[in-house]
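Beneath this line is the structure, given in C-alpha cells, with notes to follow.
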Amino acid sequence: MTAVKDLYKKIGFPRLIITLFLVVLLVLSYTLKIEQGGLWTSILERFGMNAIMVLAMVPAIQSGTGINFNLALGVVMGLIGALVALELNLTGWICFFVALAIAIPLAIIAGWLYGKMLNRVKGQEMTVGNYVGFSVVSFMCIIWLIAPFKNESLVWAMGGTGLRTTLTMEDSMARILNDALAFNIGSVRIPTGLLLFVAICTGLMYFFLRTKSGNSLSVAGSNANFARSNGINVDRQRLIGTIISTVCAAIGIIVYSQSFGFLQLYTAPLYVALPAAAAILIGGASMQKAKIIHVIIGTFLFQSLLVVALPVVNIVSEGSMAEIVRIVVSNGIIVYALTRGGDES
C-alpha cells in the first residue's frame with residue numbers, strides 16, 4: 001500500500017487524470033474501429049515535431065526567468081533561416097542544415113538582446129515576454145511584406161513582392177527527418193530520423209544541465225542569493241538560459257515545419273508558446289524546476305490527447321467537429337496547465 005501511495009505521489013494527481021483520460025480515448029478509438037496504425041503514426045510524428053519547442057522551456061525555467069512566453073522570437077529566427085535556404089533553391093539535407101546554420105547565429109544574437117532586457121525587468125519576465133512576443137510577430141508581418149525575396153515560389157504571384165502566408169516545402173526539405181531511416185511496425189510508421197534528432201537535442205540538453213555551467217545555471221535559477229554567495233553571476237546565467245531557449249525555438253520551428261511540410265508566416269507564430277508551456281507543465285514541471293523527463297511526458301500526453309480526441313469525438317457526435325474539438329481540447333489543456341502551475345513537489 002505504501003508503494004502505491006509513493007507511486008501516486010510521484011506521478012501526481014493531474015498527470016494521473018490526464019493519463020487515464022488518454023487511455024479511455026484510446027480504448028474508445030479501438031472500439032469505434034478507428035484505424036490504429038494511422039493514429040499511432042500521427043502521435044509519434046506530432047510528438048517529434050513539437051518536442052524541441054517544449055524543450056526550449058527547460059533552460060528558461062532552470063535559469064530563473066520562468067516560462068519563456070517569447071518563443072516567437074526564436075521561431076522568427078528559425079523562419080528566416082528556412083526562408084533563406086528556400087530562396088537559394090536548396091533541397092534535401094543541404095537545405096535543412098543551411099536553414100539551421102543561418103537560424104542558430106541569428107537566434108543567439110536575438111536571445112542575447114532579449115536576455116539583456118529580461119535582466120532589467122526581473123520579476124516580470126513572463127508578462128514582458130508575452131508583449132515582446134506579440135510585438136515581434138506584428139513587426140515581422142511588415143518585414144515579410146517588404147523583404148527582398150525573389151523566388152517565385154515564395155512571393156505573391158500578383159506584384160511579385162511580399163512573402164505568401166503559407167509556403168510549401170514539398171520541393172525542398174519537407175519530411176526530410178520524418179522519412180530518414182523510417183520503417184513500419186505493422187501499420188505504424190516510425191519516423192526514425194525525427195525521433196533520433198529529438199533524442200540528440202534532448203541528450204545535449206541533459207548533459208549540458210549536468211556540466212559545471214549547467215549546474216551554475218540551475219543554482220542561479222533556484223536560489224539567486226545562494227548563487228551570488230558562491231560567486232555565480234546570476235545575470236549571466238539568466239542570459240545563457242534565455243539564449244539557449246531562443247536557439248531551441250529556432251531549431252524547433254524548422255523541425256516542425258519540415259514535418260508539417262509548410263512554412264507559416266505572419267500571425268502564425270503568435271501563440272506558439274502556449275502549447276509548449278502547457279505541455280511542460282502537464283509533464284510535471286513547475287515555475288522553478290523543469291527536467292527532460294517533463295518534456296517527454298508532457299509532449300507525449302498533450303499531443304496524444306489532441307490526436308486521439310478529434311476522430312473519437314467526430315464519430316461520437318456524428319458530424320465534422322474537428323476544428324471545434326481541436327480548439328476546445330488544446331485550449332482547455334492550456335488553461336488547466338497554466339492555472340495549476342505544475343507540480344511543486
Side-chain angles (χ1 to χ4, degrees), residues 45-61 65-83 99-100 103-104 106-107 110-111 114 118 125-141 143-144 163 165-167 169 194 198 201 241-283 285 290 294-295 298-299 301-303 305-307 323 326-327 329-335 337-338:
E45 289 188 347
R46 296 272 303 193
F47 169 82
M49 65 195 286
N50 287 278
I52 299 178
M53 300 290 284
V54 181
L55 183 67
M57 294 294 174
V58 174
I61 293 174
T65 59
I67 294 172
N68 186 2
F69 281 110
N70 188 22
L71 278 190
L73 180 63
V75 166
V76 166
M77 299 302 112
L79 291 175
I80 292 173
L83 284 168
L100 290 178
I104 291 174
L106 290 176
Y114 178 55
L118 289 184
E125 293 91 347
M126 288 187 284
T127 302
V128 170
N130 254 320
Y131 286 113
V132 172
F134 292 158
S135 300
V136 168
V137 172
S138 299
F139 174 72
M140 290 307 297
C141 286
I143 300 300
W144 300 140
L163 292 164
T165 304
T166 302
L167 307 173
M169 305 174 76
L194 179 63
V198 170
C201 291
T242 304
I243 291 172
I244 296 174
S245 180
T246 306
V247 169
C248 285
I251 296 172
I253 195 60
I254 294 174
V255 172
Y256 180 95
S257 298
Q258 66 80 33
S259 185
F260 185 49
F262 297 91
L263 280 180
Q264 293 180 302
L265 307 179
Y266 297 95
T267 58
L270 202 57
Y271 298 107
V272 292
L274 293 182
I280 198 164
L281 290 173
I282 287 174
H294 297 151
V295 174
T299 306
L301 288 176
F302 186 85
Q303 297 302 325
L305 280 174
L306 293 183
V307 170
E323 185 61 19
R326 185 193 68 78
I327 293 172
V329 171
S330 61
N331 289 300
I333 293 173
I334 290 168
V335 169
L338 293 180

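Only heavy atoms go into these numbers, but all of them, side chains included; no hydrogens, no water, no symmetry mates. The structure displayed is predicted, hence computed values, not measured ones.
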**Asked** Once you round to the nearest 0.5 Å, how far does CD1 of Ile251 lie from CG of Leu55?
**Response** 9.0 Å

**Sole residue of Leu100, Ile104, Ile52, Leu263 in side chain to side chain contact (heavy atoms under 4.5 Å, CB included) with Ile254** = Leu100

**Item:** Point-to-point distance, once rounded to the nearest 0.5 Å, from OH of Tyr131 to OG1 of Thr127
**Value:** 7.5 Å

**Item:** Flag side-chain contact, heavy atom, 4.5 Å: Trp144 against Ile80
**Value:** yes

**Asked** How close do Ile244 and Pro59 get, heavy atom to heavy atom, and via which atoms?
**Response** CG2-CG, 3.8 Å

**Request:** Report the distance from atom OG1 of Thr65 to atom CE of Met126, rounding to the nearest 0.5 Å.
**Result:** 9.0 Å

**Asked** Does OH in Tyr271 sit with more than 12 non-hydrogen atoms of other residues, nucleotides or ligands closer than 6.0 Å?
**Response** no

**Fill in**
Heavy-atom nearest pair, Val54 first then Ala279, reads CG2-CB, 3.8 Å

**Item:** Pairing residues for Gln264 by the side chain to side chain donor-acceptor pair (under 3.5 Å) criterion, not counting sequence neighbours
**Value:** none

**Request:** Enter the distance from Met169:CE to Phe260:CZ here, rounded to the nearest 0.5 Å.
**Result:** 11.0 Å

**Request:** Just grab all the side-chain hydrogen bond (donor to acceptor under 3.5 Å, both in side chains) pairs involving residues 242-254, residues at least two apart or on different chains.
**Result:** Asn68-Ser245

**Prompt:** Can you name the nearest heavy-atom pair linking Asn70 to Gly133, along with the distance?
**Reply:** OD1-CA, 3.0 Å

**Item:** Heavy-atom closest contact (Gly111 atom, Ile243 atom, distance)
**Value:** C-CG1, 3.7 Å

**Message:** Quick check: do Val75 and Met53 have side-chain heavy atoms less than 4.5 Å from each other?
**Reply:** yes

**Request:** Might you point out which heavy atoms bring Ala290 and Ile280 nearest each other, and give the distance in Å?
**Result:** CB-CD1, 4.0 Å

**Separation between CE of Met140 and OG1 of Thr267, rounded to the nearest 0.5 Å** = 13.5 Å

**Request:** Evaluate the side-chain proximity of Met57 to Leu71: yes if any heavy-atom separation is below 4.5 Å, no if none is.
**Result:** yes

**Complete:** Between Phe69 and Ala277, the two heavy atoms sitting closest are CE2-CB, 4.1 Å

**Message:** Once side-chain hydrogen bond (donor to acceptor under 3.5 Å, both in side chains) is applied, what residue pairs with a partner in residues 249-259 remain, sequence neighbours excluded?
**Reply:** Asn178-Gln258, Asn178-Ser259

**Request:** Using a 4.5 Å cut-off on heavy atoms from C-beta on, say whether the side chain of Leu79 contacts that of Leu265.
**Result:** yes

**Asked** Side-chain contact, heavy-atom cut-off 4.5 Å: Leu281 with Ile67?
**Response** yes

